[in-house]
Amino acid sequence: VAAGSVVSRRTGVEVVAIGTELLLGDTLDTNGAWLGRRLAPLGIPVVRRTIVGDDAAAIQQAVSAALANTGIVVCSGGLGPTRDDVTKRTIAALYGRALRRDEIWLAELRRRYAARGAAMPVSNETQALVPEGAVFFANAHGTAPGLALEDERGITIMLPGVPHEFRGLNDDHVVAWLETRIEPRAGPVRSRLVRITGIPESAVGERVDDVIDAIAPLTIAFLPSFAGTDVRVTSWGEQSAAQADSALDQAEALIRARLGDHVYGVGQTDLAAVVGAELRARGFTVVAAESCTGGLIAKRLTDAAGASDYFTAGVVAYHNTAKLRLLGVRAATIEAYGAVSEAAVREMLDGARQSAAADCAIAVTGIAGPGGGTAEKPVGTVWIGAATPQHADLKQLHLRGDRTEIRERSAQAALDLLRRLLLRARSESGGPRPA
Ligand code: AMP
Ligand code: MG
């Protein structure tokens, strides 16, 4: 590839994140993640990310492998003025280029220090050392410029690791420059996240199995978490934006057909926001009575601005005496069946609804652990309940996981119970159901 030509038919960008702190796990490679999100809509996918320490041999090896793979490499980190920053001289050596002082950048750095009434530290002069023949990207956010080198093996771009500098240089210069050097795909890399809950990952996989072949070349990924198992569909840029959107619409319709009411939304939307919208649409209010979830449900229901339209109150009745005094649970109920029981969750539901004068209620009582379990009611035993003016539903869960997981999964399952009752109320009243 001659210098300055458009690199054609490259498969995408490789990222090499450089920094020993990244290997130790003290810092996450958010720069690589950010660049992936930044480039995907432009039809320039990040195809691999490698992390190496501040070590010349490791950097050389990673950059060489990345060049051999796609010929377009973005490096982050190791451009500082200290001894441990070796990226620039290592990659200059890989390209056989000497470092030369850039007098213009040196003057600029001196000018910036002078403007603050300070003298520039001598060590900072290394920030003005530039490999021969490098493309220079001025850094308005810090002292290390962005640099790009190119030969027949391809292009290597070096950017500082400090996240706001990495992002700033990309936004100011590098992304636009990259677009002139790479033949982009026909359209954007575009994804749709279909959010699914109340069904195990394996069952989602089985139901959607035939969709995978039907929607090719779009691809499917299954993303399990405490919230459920989301299905992400991706169009990889072989189609125009309009074609991709219509293909994603078709894929979403197929997935919805296979999973029915288990689908609660698309995109990053939280289940609680979906429940909130459903409450608002029906003019209902809700109260949350929580024990082991400690207010998680109330928190999520109030994350949306304007939640006072439907959210009246949350009661965290953690101690049994609070269940009696604040929610009107009867002492005899707790004595006979325990605080984690069908009878207790029913009384929590009714008591909360009455005291808050709400149309709907949601209640949770369970054993989140790690202590407090018994043979009869092991850790992970949770009773959830939901009620609308027309219906109520109670359910016992047997959850696995640590305390955080059990609490999060309980909150999610309780919200889903209410969502399903609201859908039922809606279909019985003849209102439109979501597609
Ligand atoms: P450097 O440019 O290597 O001097 O990095 C400066 C600082 O930026 C480091 O101390 C990290 O806190 C941060 N950093 C470096 N690399 C990354 C990365 N890949 N993602 C996020 N932060 C980073
Ligand atoms: Mg570093």
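Atoms within a ligand are numbered from 1 in the order they appear, just like the ligands themselves.
Those atoms of ligand 1 with a heavy atom of L28 less than 4.0 angstrom away are 20 (N), 21 (C). For ligand 1, the atoms sitting less than 4.0 Å from at least one non-hydrogen atom of T30 are 20 (N), 21 (C), numbered in the order shown with element in parentheses. Within ligand 1, counting atoms from 1 as listed, the ones closer than 4.0 Å to a heavy atom of D85 are 3 (O), 4 (O).
A donor atom on one side chain and an acceptor atom on the other are not found under 3.5 Å apart for Q61 and S64.
Under a 4.0 Å heavy-atom criterion, G32 is not in contact with ligand 1. Ligand 1 lies nowhere less than 4.0 angstrom from a heavy atom belonging to G19.
When non-hydrogen atoms are compared, ligand 1 lies under 4.0 Å from neither the backbone nor the side chain of D54.
Across G78, C75, P160, heavy-atom proximity to atom 1 (P) of ligand 1 is greatest for G78. Closest heavy-atom approach to atom 19 (N) of ligand 1 among the candidates D26, T20, V162, D29: D29.
Ranking protein heavy atoms by distance to atom 2 (O) of ligand 1, first place goes to G161 N, 2.8 Å. Ranking protein heavy atoms by distance to atom 10 (O) of ligand 1, first place goes to E21 OE2, 3.9 Å. Closest to atom 18 (C) of ligand 1 among all protein heavy atoms lies N31 ND2, 3.2 Å.
Atom CG of L147 sits about 11.5 Å away from atom CZ of R97, to the nearest 0.5 Å.
Here the shortest heavy-atom pairing between T312 and A356 reads OG1-CB, 3.8 Å. Smallest separation of non-hydrogen atoms from L254 and A214: CD1-CB, 4.4 Å.
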Salt bridge (Lys or Arg N to Asp or Glu O under 4.0 Å) assessment of D359 paired with R353: CA-CA 7 Å; D359 303 309; R353 196 142 62 125; over 6 Å; no
CA sep, side-chain torsions, deciding dist, call: L35, V74, side-chain contact (heavy atoms from CB on, under 4.5 Å): CA-CA 9 Å; L35 193 63; V74 176; 3.9 Å; yes
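For W105, the CH2 atom counts as densely surrounded, since its 6.0 Å shell holds more than 12 non-hydrogen atoms of other residues, nucleotides or ligands. Around atom CD of E103, more than 12 heavy atoms belonging to other residues, nucleotides or ligands sit under 6.0 Å away.
Taking only nitrogen or oxygen atoms, main chain and side chain alike, G80 does not reach within less than 3.5 Å of ligand 1.
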